[in-house]
Amino acid sequence: MKEQLISITSASNPRIRQVMQLQKKRKEREATGLFAAEGIRLFGEIPSGWLEQVFVSESFLEREDAQTILEQAENCEIFSVKDSVFAGMCDTRTPQGILAVAHRRDWTLQEILKLSDRPFFMMAENLQDPGNLGTILRTGEGAGITALILSKGTVDIYSPKVIRSTMGSLFRVPFLYIEDMAETAAFLRERGIMVYGAHLEGSVPYDEPDYTHPSAILIGNEGNGLTDRTAAVCSRKVRIPMEGAVESLNAAMSAGILMYEVHRQRTAGANRNCCSRQ
């Protein structure tokens, strides 16, 4: 392992500066096609083919399991960094001593349409909170979404806070950014996919539609909801009933309720079909 390591001691090293830019700037991530991911768990989740470089602190190398953890990085450059320099590279307050630079995976709309004959898409328009987006992606994986479709005005999914909150789902669930959410929703409808927009003025409760058919759930910005233009092209607008003085729920919570209703209906349908064949 020591033979593979390249030592870096200065924070002014160009590789260190690039990592810091990847952590801070969306434009840098988009221009280079790279992103940074911190921590042992996230490092273990990254597909080996995505890895470009790995940085470890000197104290990390003192761990008994350091060599085992780094096995998946044997085909890429590994840099040993002074602890003080490593801390400056990280977005977290208590770094775990390992950081990976990896290639982005960019999907296209045509690619995700081929993933399933009965797709279940989650769509988000202009979400701004990194925690909300990360939670939606993680919850979406649990609920069985086919892919996540994001408007260009949504927070960068490759930002450090979003990456951490996905807990690895980033590397398993297809997603893409699109230029125009209203046009994309109309495009999906033309292909037989029902688009259900979460809306305070929804005409039906969220659990009334039949989601066992090709479906997409669309939620909007945390403060403003869906834009009027996007809401207008939805197949139906649905609402989550509210009691008391509460007007609306957190975006991630709303998305979770809707996604798991789709999951509930599809699972129940699968169970009925299974029983009918017995």
Side-chain angles (χ1 to χ4, degrees), residues 1-106 129-139 141-142 155-173 175 252:
M1 176 61 66
K2 290 184 178 180
E3 293 75 11
Q4 292 179 258
L5 296 174
I6 303 170
S7 178
I8 296 178
T9 59
S10 172
S12 63
N13 183 284
R15 295 182 187 275
I16 302 300
R17 291 205 304 268
Q18 183 188 46
V19 171
M20 296 173 73
Q21 291 298 304
L22 291 174
Q23 294 275 44
K24 297 175 182 178
K25 296 184 178 181
R26 182 173 189 165
K27 287 184 179 180
E28 181 72 15
R29 295 189 288 268
E30 292 175 346
T32 61
L34 300 171
F35 67 97
E38 299 177 40
I40 295 171
R41 178 171 180 173
L42 277 176
F43 174 73
E45 296 278 4
I46 301 174
S48 58
W50 293 28
L51 287 172
E52 173 74 11
Q53 300 167 340
V54 177
F55 297 82
V56 293
S57 66
E58 292 177 343
S59 59
F60 175 87
L61 293 172
E62 297 174 1
R63 295 174 56 114
E64 292 183 2
D65 58 352
Q67 184 165 343
T68 301
I69 293 171
L70 288 171
E71 283 179 354
Q72 77 178 80
E74 59 184 13
N75 294 320
C76 68
E77 293 179 310
I78 304 175
F79 299 92
S80 170
V81 183
K82 287 179 60 176
D83 284 17
S84 58
V85 175
F86 187 88
M89 298 166 60
C90 294
D91 184 69
T92 54
R93 292 184 178 180
T94 55
Q96 295 180 3
I98 186 167
L99 180 152
V101 172
H103 294 277
R104 296 161 56 108
R105 170 64 164 100
D106 295 317
D129 184 84
N132 277 339
L133 179 55
T135 299
I136 287 170
L137 183 59
R138 184 183 178 194
T139 306
E141 181 181 14
V155 62
D156 184 15
I157 202 166
Y158 287 110
S159 69
K161 290 182 174 59
V162 177
I163 290 173
R164 289 197 298 275
S165 61
T166 69
M167 299 290 285
S169 294
L170 173 78
F171 309 118
R172 297 184 292 269
V173 179
F175 59 86

ask   = With a 4.5 Å limit on heavy-atom distance, are the side chains of S169 and L137 in contact?
value = yes
ask   = So, E38 versus Q23: side-chain donor-acceptor pair below 3.5 Å or not?
value = yes
inquiry  = Do F60 and I69 have side chains that approach each other closer than 4.5 Å (heavy atoms only, starting at C-beta)?
reply    = yes
remark   = The side chain to side chain contact (heavy atoms under 4.5 Å, CB included) partner of R105 among F175, F171, W50 is W50
ask   = Is the shortest distance from a Lys or Arg side-chain nitrogen in R172 or E45 to a carboxylate oxygen in the other one below 4.0 Å?
value = yes
inquiry  = As an exercise, state the distance from OG of S80 to CD of E58, rounded to the nearest 0.5 Å.
reply    = 5.0 Å
query = Hey, mind stepping through L61 and L5 against side chain to side chain contact (heavy atoms under 4.5 Å, CB included) and telling me if it holds?
reply = CA-CA 10 Å; L61 293 172; L5 296 174; 3.6 Å; yes
query = Yes or no on side chain to side chain contact (heavy atoms under 4.5 Å, CB included) for D83 and S59, after CA distance, side-chain angles and deciding distance?
reply = CA-CA 7 Å; D83 284 17; S59 59; 3.0 Å; yes
ask   = Should K27 and Q21 count as side-chain neighbours, where that means a heavy-atom distance under 4.5 Å?
value = no
request  = Of all the heavy-atom pairs spanning I98 and I40, show the shortest one and how long it is.
outcome  = CG2-N, 3.7 Å
ask   = Does F43 have its ring centroid less than 6.0 Å away from the ring centroid of F55?
value = no
inquiry  = Donor-acceptor check, side chain of T139 to backbone of I136, threshold 3.5 angstrom: yes or no?
reply    = no
note = Between the CG atom in N132 and the OG atom in S165, the distance rounded to the nearest 0.5 Å is 9.0 Å
task = Determine the minimum heavy-atom distance between K161 and P130, stating which atoms define it.
result = CB-CB, 3.7 Å
ask   = If you measure from CE on M89 to OG on S84, what distance do you get to the nearest 0.5 Å?
value = 11.5 Å
query = To the nearest 0.5 Å, how far apart are CG in N13 and NZ in K82?
reply = 12.5 Å
ask   = How long is the span from the CD atom in Q67 to the CD atom in E71, to the nearest 0.5 Å?
value = 6.5 Å
query = What do the steps show when you test I16 against I8 for side chain to side chain contact (heavy atoms under 4.5 Å, CB included), and what is the final call?
reply = CA-CA 9 Å; I16 302 300; I8 296 178; 3.7 Å; yes
query = Which pair of non-hydrogen atoms, one from L22 and one from R29, has the smallest distance, and what is that distance?
reply = O-NH1, 2.6 Å
task = Calculate, to the nearest 0.5 Å, the distance between atoms CD1 and CG belonging to I78 and L70 respectively.
result = 5.0 Å
note = Of V54, L170, L51, the one forming a side chain to side chain contact (heavy atoms under 4.5 Å, CB included) with I46 is L51
request  = Identify whether the distance between the nearest side-chain nitrogen and carboxylate oxygen of E77 and R15 falls below 4.0 Å.
outcome  = yes
task = Indicate the atoms forming the closest heavy-atom contact of T9 with S7, along with that distance.
result = CG2-OG, 4.0 Å
ask   = Does S12 offer a backbone N or O that forms a donor-acceptor pair with the side chain of R17 under 3.5 Å?
value = yes
message = Looking at R104 and L34, would you say the former's side chain and the latter's main chain have a donor-acceptor pair under 3.5 Å?
response = no
message = What verdict does the side chain to side chain contact (heavy atoms under 4.5 Å, CB included) test give for F86 and L99, after you've listed the backbone C-alpha separation in whole Å, the side-chain angles of each residue and the deciding distance to 0.1 Å?
response = CA-CA 9 Å; F86 187 88; L99 180 152; 4.0 Å; yes
request  = Before accepting this row, confirm whether a basic side-chain N of the pair D91/R164 lies closer than 4.0 Å to the acidic partner's carboxylate O.
outcome  = yes
